[in-house]
Number of protein chains: 2
Amino acid sequence: MVSFKRRGGRRPGATDTRESILAAAREAFTRAGYRPATIRGIAAAAGVDPALVMHFFGNKETLFREAMTLPVEPAAVLSRALATSPDRAGEVIAATFLEIWDSAAHRDSLLGLVRASVTEQAASDMFRATILDGIEHALTEFGVSQPRLRGTLLASQLMGLAMARYILALEPLASAPRPDVAAAVAPTLQRYISGDITRESPRD
Amino acid sequence: MVSFKRRGGRRPGATDTRESILAAAREAFTRAGYRPATIRGIAAAAGVDPALVMHFFGNKETLFREAMTLPVEPAAVLSRALATSPDRAGEVIAATFLEIWDSAAHRDSLLGLVRASVTEQAASDMFRATILDGIEHALTEFGVSQPRLRGTLLASQLMGLAMARYILALEPLASAPRPDVAAAVAPTLQRYISGDITRESPRD
DNA sequence: CAGCTTATTCAACATCTGTAGAGTTCAACG
DNA sequence: CGTTGAACTCTACAGATGTTGAATAAGCTG
């Protein structure tokens, strides 16, 4: 049995390498965030030379940007929820949010985005631009008062939920059935969207 | 004027160097999290040789642990709020939470803890042990139902608020007056503590 | 003052980092 | 079938990183 050692050169057959690098990158950025994830590690996980990663993406930052593009449009989800039944938007959003996070497919990207948002300026800007502006737009379109403030409040509860349930995995929140969690959180979301959020009226 | 170049050896006078290293470490860990903060950078910021940091703390991880000890006891705050006026605990907690975060003194430690909790396993465990167990204990002591679930829900909104207002600095939440934010969030906290959080009762 | 402990620095280490350049192999197209 | 371009690897570099060991200077205790 002779073992052939590859020494450079294109591989025979179809070429899905770029995609598997992206997958490995997603996974790596997900676990620890931007800085701790290394190009070498990502390359190794993809069964590839580090230089190939450079060949495809040029540098670490664009690799990150490309790996971490959002799998869903939060603005669309919000708009649809508002359009369908304004007074139940909270329920719908909570359910959809949990559904997306619970699905293994999207989880990695989302985890990575949150992790990186906390440490990387670039990711933080991306968050603001992509997610928050979308939420705000949807709320404005629907004509609620103080759409910006409501949008950030909404984001605060959703992000906190993601942190507690998925990142820190605080029990029993982390393994509670999806509908239970949705029910617990929905009223808060609903109030942030269309309820009273001002001073001097502590009724809820 | 002759300039003396120090070449090792103790400095004359009192020695507060350890503390200034800790301060620099807090600041560094705060800005970016565990990994990106470098011992060399911390040492430089403290005007000290990197080896001195090792001398005092042995390794990076214990330096981190020592720099990032919590400045407040969340359990105590919660207990006091519950004892004073159970049906206004939400308001009190929201106010206290914002007050602590808004104070420059504690802010750095808290920022660092949250940032690191997201990426570092050790910090995440610290969070669970120190903060959450305290909250849970206080809720149990007060006799509410499902104290663990309520505790994590409470933590989720508070963490989300910290993320949105202090870490991502989402406007207008970030610069809204403290009482306004407290008023917006208090009802949610109150409901998580003593309100209805179950299914099949979507009234709020 | 002698002697021990502690604070402090210097120089060096092994390792890892992102990245660059040149070379090799394959696929696609004329 | 020859040429071009893209996929792919090797080797290397320059810089940063955590950590170590020895050397020096000051304080503390006797």
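When the nearest nucleotides of DNA chain D are assigned to A:G47 and A:R40 by heavy-atom distance, the more 5′-ward of the two goes with A:G47. Position along DNA chain D of the nearest nucleotide to A:R35 versus A:F56 favours A:F56 as the more 5'-ward residue. Between A:T38 and B:H55, the one whose closest nucleotide on DNA chain C sits nearer the 5' end is B:H55.
In this model, a donor atom of one side chain and an acceptor atom of the other lie less than 3.5 Å apart for A:T188 and B:R191. Of the N and O atoms on the side chains of B:Q157 and A:S156, at least one donor lies less than 3.5 Å from an acceptor on the other residue.
The phosphate of C:dT9 has OP1 or OP2 within less than 4.0 Å of a side-chain N or O from B:R11.
Remark: B:R11 does not engage B:D16 in a salt bridge, criterion side-chain N to carboxylate O under 4.0 Å. Ion pairing between B:R18 and B:E66 holds under the 4.0 Å rule for side-chain N and carboxylate O.
In the set C:dT9, D:dG18, D:dG27, D:dG18 carries the atom at the smallest distance from any side-chain atom of B:K60. In this structure, the nucleotide among C:dG18, C:dG21, C:dA7 sitting nearest to the side chain of A:A51 is C:dG21. Residue B:T15 places its side chain closer to C:dT8 than to any other of C:dT8, C:dA20, D:dA12. Closest to the side chain of B:R10, out of D:dC8, D:dG27, C:dC10, is D:dG27. Picking from C:dA20, D:dT19, D:dT17 the nucleotide with the shortest atom distance to the side chain of A:M54 gives C:dA20.
For B:D49 and D:dT20, the CG to P distance is 14 Å, given to the nearest whole Å.
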